Amino acid sequence: MADATTMMTMDKGLDHTIIGESTKSFIDGAKGVLEYVGIDIDTLARHSSFEETCYLLWHDRLPTASELEAFESDIRSCYDLSEGLWNMLEQVPVEAPPMHMLQSMVAALAFDDDDCDLVTPEAEIRKAIRILAATPTIIANFDRRRRGLDMMRPDTSENIATAFLHMLNGEAPGQASARALDVCLVLHADHGINASTFATMVVIGTQSDMYSALSAAVGTLRGPLHGGANERVMHMLQEISGPDVVESFVLERLAAKDKVPGFGHRVYKAIDPRATYLKTFAESLASETGNQQLFDMSKRIEQIMEANVGSKGIHPNVDFYSATTYYSLGLAIDLFTPIFAMSRNAGWAAHAMERAADNRLIRPRCQYTGPHGASWVDIADRS
Ligand code: ACO
């Protein structure tokens with residue numbers, strides 16, 4: 001039986017489908033280029049801050065000094081949670097995976113927002129700021145609680161990276177650590193229509209709200225084929241007993257057709273420019289913090305992968321060296337993906353706002369391969 005789908009092209013991973021126009025990020029996967037609103041990622045990593053990068057992604061231009069000051073002040077005014085949300089955070093089981101906790105808490109931010117369904121540019125920015133600002137407080141305080149520590153309110157005189165590390169560790173971080181995290185947040189802020197951003201757009205496409213869209217994105221990012229890979233990289237590095245066995249470990253994995261986490265990308269077939277930057281970072285942080293062996297093992301894995309599967313376009317992705325970087329910063333492994341989410345809130349919100357301004361319900365089709373005209377069998381007669 002033929003229907004309209006027989007005239008359509010099957011594109012299971014949507015690799016060959018363009019779902020709209022965007023001014024947010026440009027990726028040239030063959031050349032290893034990434035730009036946010038036309039500015040090269042390396043330039044942003046060197047000169048910008050996470051807050052300024054958010055402004056760029058949400059307004060399609062860099063802010064003036066006074067605009068940036070006002071934007072930062074708006075963000076800081078939303079760091080703290082309402083009493084209801086602090087109470088809710090107290091109730092989350094301490095064994096909960098942090099990404100499940102975060103997904104629930106992002107959705108719960110809607111409880112306090114009477115304008116949750118108001119779709120004006122100003123209201124959308126305000127919602128995006130609330131999620132961006134509250135996420136570090138939520139992640140850090142969940143971690144404090146599960147370590148048996150009291151909750152700690154955010155310091156509104158600090159930027160996002162500093163305030164997060166301050167709450168997490170109970171003391172203000174050194175400048176180098178705070179800047180390292182700030183740069184990581186810049187590097188992870190947006191990346192075209194990746195799986196979690198697509199999830200955001202599917203939700204926004206139904207005219208649902210920003211909180212629903214970004215909580216769906218958190219759930220999507222969690223998967224090991226996407227943002228969850230950074231935690232898998234760290235577990236792999238811990239599983240390898242020492243530098244001598246790196247080669248056999250990787251070769252066995254490849255022979256068994258197991259994917260090596262932190263390698264490969266749907267779009268990049270050249271090296272991921274974020275990985276190049278993070279590699280330099282991982283190297284200096286690892287040597288400063290006594291994690292040199294971890295970096296050396298990572299470099300060895302990269303060499304073995306290059307020699308064996310580099311010709312297939314399999315190179316390190318953003319998750320590979322971010323694992324060593326976060327570990328050297330003293331962050332718990334299961335916070336790596338939540339920190340990715342903390343940054344990607346910027347891109348998710350940017351695409352949500354862009355889509356809402358030029359919306360079309362996303363509703364693909366599948367090719368039906370089941371039976372037709374099947375007969376009904378009463379439950380008592382089924383075997
Ligand atoms: N290790 C070993 N081989 C790999 C890897 C890897 N990490 N990634 C891809 N390959 C091989 C595949 O086995 C396949 O080989 P074959 O043609 O001989 O069968 C070929 O490369 C193509 O792989 P696909 O899985 O079809 O490529 P796809 O574009 O669907 O996958 C993906 C991209 C999912 C990222 C994949 O590379 C992967 O699973 N990587 C590991 C997980 C990971 O690091 N994810 C994070 C991505 S970045 C991000 O989302 C933030």
Side-chain angles (χ1 to χ4, degrees), residues 50 74-117 126-173 177-178 181 185 196 203 208-223 227-228 230-231 326 329-346 348-349:
F50 179 52
D74 287 347
I75 294 172
R76 291 173 192 197
S77 72
C78 296
Y79 279 171
D80 209 345
L81 309 177
S82 66
E83 286 316 306
L85 287 172
W86 281 113
N87 291 339
M88 192 173 159
L89 194 54
E90 287 271 9
Q91 301 305 316
V92 178
V94 286
E95 313 76 37
M99 285 296 273
H100 284 155
M101 176 282 303
L102 183 62
Q103 182 172 20
S104 311
M105 292 300 296
V106 169
L109 285 169
F111 300 164
D112 293 330
D113 192 346
D114 293 339
D115 289 339
C116 173
D117 287 318
R126 203 181 44 70
K127 285 178 258 181
I129 286 179
R130 279 196 75 219
I131 299 171
L132 183 85
T135 298
T137 309
I138 291 168
I139 299 169
N141 278 287
F142 173 71
D143 189 63
R144 289 183 69 81
R145 225 190 105 232
R146 67 183 183 167
R147 286 185 283 138
L149 301 171
D150 288 339
M151 302 276 209
M152 185 173 170
R153 289 201 128 90
D155 183 334
T156 53
S157 71
E158 296 170 333
N159 69 10
I160 289 178
T162 311
F164 172 69
L165 291 173
H166 193 162
M167 285 182 278
L168 199 65
N169 300 323
E171 57 184 24
S177 302
L181 182 61
L185 297 179
S196 52
V203 177
S208 186
D209 64 282
M210 182 82 80
Y211 303 99
S212 301
L214 268 60
S215 63
V218 173
T220 311
L221 186 73
R222 178 172 178 266
N230 55 14
E231 296 181 13
Y326 291 158
L329 282 171
L331 302 168
I333 298 174
D334 65 356
L335 295 188
F336 291 6
T337 319
I339 292 166
F340 191 160
M342 206 165 103
S343 162
R344 189 53 64 82
N345 276 326
W348 291 332

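On a predicted model such as this, the values are computed, not experimentally measured, just so you know.
Between Arg147 and Leu168 the shortest heavy-atom distance is NH2-O, 2.6 Å. Considering every non-hydrogen atom in both Thr137 and Leu81, the closest pair reads CG2-CG, 4.1 Å. The heavy-atom pair separating Glu231 from Pro338 by the smallest distance is OE2-CD, 3.8 Å. When every heavy atom of Leu85 is checked against every heavy atom of Arg130, the shortest pair comes out as CD1-NH2, 4.5 Å.
A 4.5 Å side-chain heavy-atom check between Trp348 and Ile131 finds every atom pair outside the cut-off. A 4.5 Å side-chain heavy-atom check between Asp334 and Arg146 finds at least one atom pair inside the cut-off. Residues Asp143 and Met167 fail the side-chain proximity criterion, which asks for heavy atoms closer than 4.5 Å. In this structure the side chain of Phe164 reaches within 4.5 angstrom of the side chain of Ile339, judged on heavy atoms. Between Thr162 and Pro173, the closest side-chain pair of non-hydrogen atoms falls below 4.5 Å.
For Phe340, the ring pair (Phe, Tyr, Trp, His ring centres under 6.0 Å) partners are His188, not counting sequence neighbours. Shown here are the ring pair (Phe, Tyr, Trp, His ring centres under 6.0 Å) partners of Phe50, two or more places apart in sequence or in another chain: there are none.
Asp209 and Ser212 share a donor-acceptor pair across their side chains, judged by distance under 3.5 Å alone. A side-chain donor from one of His166 and Glu158 sits under 3.5 Å from a side-chain acceptor of the other. Donor-acceptor pairing under 3.5 Å is recorded for the side chains of Asp80 and Trp86.
For Arg222, the CZ atom sits in a loose shell: 12 or fewer heavy atoms of surrounding residues, nucleotides or ligands are nearer than 6.0 Å. Heavy atoms of other residues, nucleotides or ligands lying less than 6.0 angstrom from CG of Asp114 number 12 at most.
Ion pair Arg126/Asp113 flagged as a salt bridge, since at least one NZ, NE, NH1 or NH2 atom sits closer than 4.0 Å to an Asp/Glu carboxylate oxygen.
No donor-acceptor distance shorter than 3.5 angstrom exists from the side chain of Ser215 to the backbone of Val106, with no hydrogens or angles considered. A side-chain donor-acceptor contact under 3.5 Å links Arg145 to the backbone of Glu90. Here the side chain of Tyr211 pairs no donor or acceptor atom with the backbone of Met105 at under 3.5 angstrom. A distance-only check finds a donor-acceptor pair linking the side chain of Thr220 to the backbone of Ala216 [under 3.5 Å]. Put simply, the side chain of Tyr79 never gets that close to the backbone of Ala163: no donor and acceptor are under 3.5 Å apart. No donor-acceptor pair closer than 3.5 Å links the side chain of Arg144 to the backbone N or O of Leu149. Distance alone, capped at 3.5 Å, places no donor-acceptor pair between the Asn345 side chain and the Ala128 backbone. No donor-acceptor pair closer than 3.5 Å links the side chain of Ser196 to the backbone N or O of Leu221.
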